[in-house]
Amino acid sequence: MSKRVTIKRKNEIEENENVPEVELKKSTRKTVSSKLANIDKKENLEEVSAKKVKNKLEEKESEYCFWLMKSEPESRIENGHEMKFGVDDLKASKDKITHWDGVRNYEARNHMKSMKLGQRAFFYHSNCKNPCLVATMKICKESYVDHTAFDKNDPHYDPKSDLNNPKWYMVDVQFERDLKRYIPLTELKHYHLLHKKTGGPLSNLSLFTRSRLSVQALTEEEWNFMIELENKPPV
DNA sequence: GCCAACGTTGGC
DNA sequence: GCCAACGTTGGC
C-alpha cells in the first residue's frame with residue numbers, strides 16, 4: 001500500500017466527513033463518516049474494500065435528485081444581521097435567483113455539493129408561525145465556495161475556515177413556482193405518522209428523522225408524493 | 001419563550 | 001477516544 005494512496009484516501013474521507021446517512025431504512029441509518037471511521041479501525045481491511053464501500057455510498061448519495069431547503073420567512077436578528085429570507089425575498093431577487101450561503105453543517109454542505117444543475121428543491125419556511133412547503137426551485141449553479149465564511153462581518157463567519165482550503169460551499173437556486181397551496185408541516189407529519197404505520201413514501205422523511213438539517217435530500221417517491229399534496233384537500 | 005434533539009468542543 | 005458541557009435548530 002503506497003503512502004500516497006493512503007493520504008489520498010484520508011483526504012477523501014475528510015472531504016466526506018459527516019456525509020448523510022444513505023441507507024433508507026431507519027434501523028440501518030448511519031453516517032458515512034462513522035462507517036468509514038469503523039473501516040479505518042479494522043487494520044486488516046484492504047484499502048480496496050474501503051474504497052468499494054465509499055463508492056457504493058457515493059452512488060447512493062448521487063441517487064438523490066430532489067431537495068428540500070429551509071429558510072426563515074420571519075424577521076430575526078442574529079449578530080446584528082437580519083436573517084429573514086422568505087419566498088417573497090427570493091422572488092424579489094434579481095432573476096429570482098439567490099446563492100444559498102451560510103450553511104455551516106457538513107451534511108447539509110455535502111448535499112449541496114452533490115446537487116446537479118436543473119434538479120429541483122422545495123423552498124421550506126422554517127422557524128416561523130406556520131412552517132410549510134411554499135414553492136419549488138431549480139438548482140441553477142452547482143456548488144462553489146461560500147465566500148461569506150471568510151467575511152468577519154457575516155453572521156456565519158467561520159474563523160477556522162482557510163482561504164486555501166475552503167470548507168463551506170453553496171449553490172445558486174432559482175424560483176420555479178409557488179405551490180398551489182402551502183403544505184404545512186403538520187400535514188406532512190400526518191402522512192409521516194400514517195406511513196410509518198401502514199407503509200408509504202413519507203415513512204422516513206428527513207423533515208422528521210433529521211429535523212435540524214437545513215438542506216435535506218428527498219427520494220423521487222417523497223418528492224412526487226409531496227408535490228401531489230397540493231392537488232389534495234388539506235388534512 | 002421553552003426545550004428536545006443533536007452536532008461540536010475540549011478536558012482528561 | 002470518551003463524554004460532559006455547551007451551542008444551535010426549529011417546532012410548539
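Hydrogens, waters and symmetry mates play no part in the numbers below; they use all other heavy atoms, side chains included. Each chain gets a letter, A, B and so on, in the order its sequence line appears, and its residues count up from 1.
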Can you tabulate the close N/O pairs, meaning under 3.5 Å, that link protein atoms to atoms of nucleotides 8-12 of chain C?
{"unit_1": "C:dT8", "atom_1": "O2", "unit_2": "A:R212", "atom_2": "NH1", "d": "2.4"}
{"unit_1": "C:dT9", "atom_1": "O3'", "unit_2": "A:R212", "atom_2": "O", "d": "3.1"}
{"unit_1": "C:dG10", "atom_1": "OP1", "unit_2": "A:K70", "atom_2": "NZ", "d": "2.9"}
{"unit_1": "C:dG10", "atom_1": "OP1", "unit_2": "A:R212", "atom_2": "O", "d": "2.9"}
{"unit_1": "C:dG11", "atom_1": "OP1", "unit_2": "A:Y124", "atom_2": "OH", "d": "2.6"}
{"unit_1": "C:dG11", "atom_1": "OP2", "unit_2": "A:N127", "atom_2": "N", "d": "2.9"}

Query raised in the report: Base, sugar-phosphate, or nothing: which does A:K129 touch, judged by heavy atoms less than 4.0 Å apart?
Result: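 If one applies the 4.0 Å heavy-atom cut-off, A:K129 turns out to touch nothing in the nucleic acid.
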
Report task. Verify the distance criterion only: is there a donor paired with an acceptor across the side chains of A:Y169 and A:N110 at less than 3.5 Å? Result ->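 Short answer, no.
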
Report task. May I ask you to test the A:L133-A:L188 pair for a side-chain heavy-atom distance under 4.5 Å? Result ->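 SC-SC contact between A:L133 and A:L188 confirmed.
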
Query - Partners passing salt bridge (Lys or Arg N to Asp or Glu O under 4.0 Å) against A:D178 (at least two apart in sequence or in another chain) - result: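 So A:D178 forms a salt bridge (Lys or Arg N to Asp or Glu O under 4.0 Å) with A:K91.
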
Report task. Please state whether the rings of A:F123 and A:H125 are parallel, tilted or perpendicular, taking 30° and 60° as the class boundaries. Result ->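 Rings of A:F123 and A:H125: perpendicular, over 60°.
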
Check: residues 93-100 of chain A side-chain donor-acceptor pairs under 3.5 Å, at least two apart:
{"unit_1": "A:S93", "atom_1": "OG", "unit_2": "A:D89", "atom_2": "O", "d": "2.8"}
{"unit_1": "A:S93", "atom_1": "OG", "unit_2": "A:L90", "atom_2": "O", "d": "3.3"}

